[in-house]
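Keep in mind it's a predicted model, so treat the numbers as computed, not measured.
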Amino acid sequence: MPVTVYSDQNIAAADVNDGTANAPLLNRVLAQYDEVCAAQQEERALMLQDRRFAFIAGAQWEDAWSDQWANGIMVEVNEVALGLQKIVDDYRANRVIVNFRAADDKASEVTADFLDGLFRADVYNSKGQQAFDNAFEEAASGGMGAWELCNEYEDEFDPDNEYQRISFKAVTDADQSVFFDPNARLYDKSDAMWALVVVAMSPAAYERQFNRSAPTSWPNDITKPYYDWYTPTIVRVARYYEVEIKRSKLLTFRNVLIDEEEKHWADDLSDATRADMEAQGWREVRQRMVKRRRVHLWVLSGSEVLEDCGYIAGNQIPIVPVYGQRRFIDNMERVQGHVRKAKDPQRVNNTMISKLVETASIAPIERPIFTPQQIAGHEHSWAVANLNRAPYALVNPLVDESSGQIMGTGPVGKVEPPQLPPVIATLIQYMGDSVRRLTNADDGAGEVRANISAEAMDIAATRTDAKTAIYMDNFRQSMQRCGEIYLSMARDIYVEEGRKADTLGDDGEEGTAVLMEPFTDERGRFMIRNDLSAGRYKVIADVTEATATRRDKTVKTLVNIAQIAGASDPTLAMAALNTALVNMDGEGMKDMQDWVRDRLVQQGILKPTPEEKQQLEEAAANQQPDPQSLALLAMAEKENRLAHKAEADTALSKAKTVETLVGAQAKQAESERDDALALKDITESALAAVQPPKVSPRSYREL
């Protein structure tokens, strides 16, 4: 069925509603939004403060903390960002992938593999990795991130291309712009009945897209504990998703010509479509009322409904939330990231360092104090002593005026810099250690140390990685939810029979697949593959290392196998070494890797691609045999002829033997027949000699 395109870029001004007929809807959504903001305002403000604390210069002195030290030096030693950066680096080195698996007999692993490649291709084409990275970083720092799935035209500039695809859109400032049904309790919000996304745009873009000269922004009910002097002028627009579950009529049609059945919702069948189905031989055989879940989308401003987009593709709200650390306390969802617990130690550490800097900046250097009589005549030498690096300095002695005796030549005193109080030194050391311990900013696990075993370093790295495990596991759940939403949408988007869809392998290899393609499997069964409407599929999300890291480990493992198998199995060692060469990364290795791959394919170690298989067949057909092969073929042909001649001679000998036996049997049968005839004649002659002569009976007249 046709699916409405609801991407931001495809909301045409001509299709915008006047909004006057949807006032009850707008009031209801505003009431829901106010209810959520009232309950979550404090948590949302803390999330935003955490993100600013980690990334914006000066934000560590925001709020009431700056009032206490407003007239002093404010230094930032941002160790929180270092620990946060390590979490982000670990995530980028260990990506989360989505795999689809067949869950019933109607589903197939071939179609599941197609879904894997289709998902990766859509992520690549829509730059979805940027949306994932943005969501993870916001969740790790502030506690909440999100991204959104939508369908858009494959090529919106091609009027003849009506194919659609699924794209992944980043949602920025998710803690201020994404709101779910407060009754939802699951992590992934799959049980939410509504969701709202606030999108910011410039007034000019608002007027151009919605044809409104006086923009009315969606209200912002989150109080911010800071003030920015310079901010862009924006207009907020809300996308409101609502789940509708209604009982609808499900029709079952049967085609007796091909002995198949199809099911269609009565609401989706137009009169023209139904007439076309009847012309093709489809007849309605039964109907039933079934609960149907659909998601409705509206675009709202602060004063009106800008557009009623209708039902979207799929039956799930296409917003994927990501949380850093999430829990329910006092019947309210509370979320935090990696920054929250380190804020106070970081503030105290900044304060103590600022106090130290301030003390050092106003404290004088140690200077001697002389009387004017002592320095008279030597002012210039003292002034340039540091520049000239003088080895000594001269002063006049102090003379007692009454007695004329010298009283002394040294300074009468000196100005000393203040000493650092012990409490400040203790606080700096303790708070610095606390920040590094809480944020894991400097764990030392990545440093190579002398006299430390690899096992001990691995244990230290594992202990460090345990601090990032909760963020990676939560993101894995979010990616699983993303796969579920994607599958629901794909069943409505990729429905064109014979359509060629782009796919992408896990190693970046591009490919294409045909939707609903008939084929015969290895058992000779006729099937339809890449049909997303048939069967159920499970979504499995797992953490995997980056492709380069996996390749490096694969190469090391194969080299070790080659070394171990070198003495006992040279063939295995050579195969392992060649496979390692294929997986190596390096400048100028492409030609050698292609040559090695050809050898592995010819040896049967690697399965050839369809192109390689065709090339092998063509090469085998066109290959000219060498002289040695020709000699071997001639010898084989000669041996074959001799074998055939021997078989023919044997057959002829057998035939002659059979002919001889048959002739002997015929002569024996003829002899036996002659003997039987002779015996018969003798017997008849003997009988005739023994019997009396026959007398003719007398007639009645003779009597």
Closer than 4.0 angstrom, basic N to acidic O: yes or no for [X] and [Y]?
X    : Y    : result
R340 : D50  : yes
E284 : R274 : yes
R101 : D116 : yes

Assess, by modelled atom type and distance only, whether the side chains of [X] and [Y] contain a donor and an acceptor separated by less than 3.5 Å.
X    : Y    : value
D308 : H296 : yes
Q130 : N134 : no
S488 : N315 : yes
Y537 : N99  : no
D188 : Q477 : no
Y311 : E244 : yes

Give a yes or no on whether the ring-centroid distance for [X] and [Y] is below 6.0 angstrom.
X    : Y    : value
Y241 : W194 : no
Y494 : Y163 : no
Y323 : Y187 : yes

Would you say [X] and [Y] make side-chain contact, with heavy atoms under 4.5 Å?
X    : Y    : value
L300 : L306 : no
R294 : D267 : yes
Y486 : I166 : yes

Are the side chain of [X] and the backbone N or O of [Y] linked by a donor-acceptor pair below 3.5 Å?
X    : Y    : result
N530 : E517 : no
T503 : G511 : yes
N94  : D90  : yes
R236 : A200 : no

Search all heavy atoms of H338 against all heavy atoms of L84 and return the closest pair with its distance. CB-CD1, 4.0 Å
In short, S478 meets V320 closest at the heavy-atom pair O-CG1, 3.2 Å
Determine which pairs satisfy salt bridge (Lys or Arg N to Asp or Glu O under 4.0 Å) with at least one residue from residues 473-482, sequence neighbours left out, and list them in order. D473-R476, R481-E484
Apply the salt bridge (Lys or Arg N to Asp or Glu O under 4.0 Å) test between E154 and each candidate in K500, R499, R165; give the one that qualifies.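 It is R499, the one option of K500, R499, R165 that forms the salt bridge (Lys or Arg N to Asp or Glu O under 4.0 Å) with E154.
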Does atom CZ of R28 have more than 12 heavy-atom neighbours, drawn from other residues, nucleotides or ligands, at distances under 6.0 Å? yes
Looking at F114, is R529 sitting on its ring face, NZ or CZ under 6.0 Å from the six-membered ring centre and within 45 degrees of the normal? no
Regarding R95 and the six-membered ring of Y91, is the cationic atom NZ or CZ under 6.0 Å from the ring centre and inside 45° of its axis? yes
Let me see the working for Y124 and D502 under side chain to side chain donor-acceptor pair (under 3.5 Å), right down to the final yes or no. CA-CA 11 Å; Y124 176 81; D502 294 335; over 6 Å; no
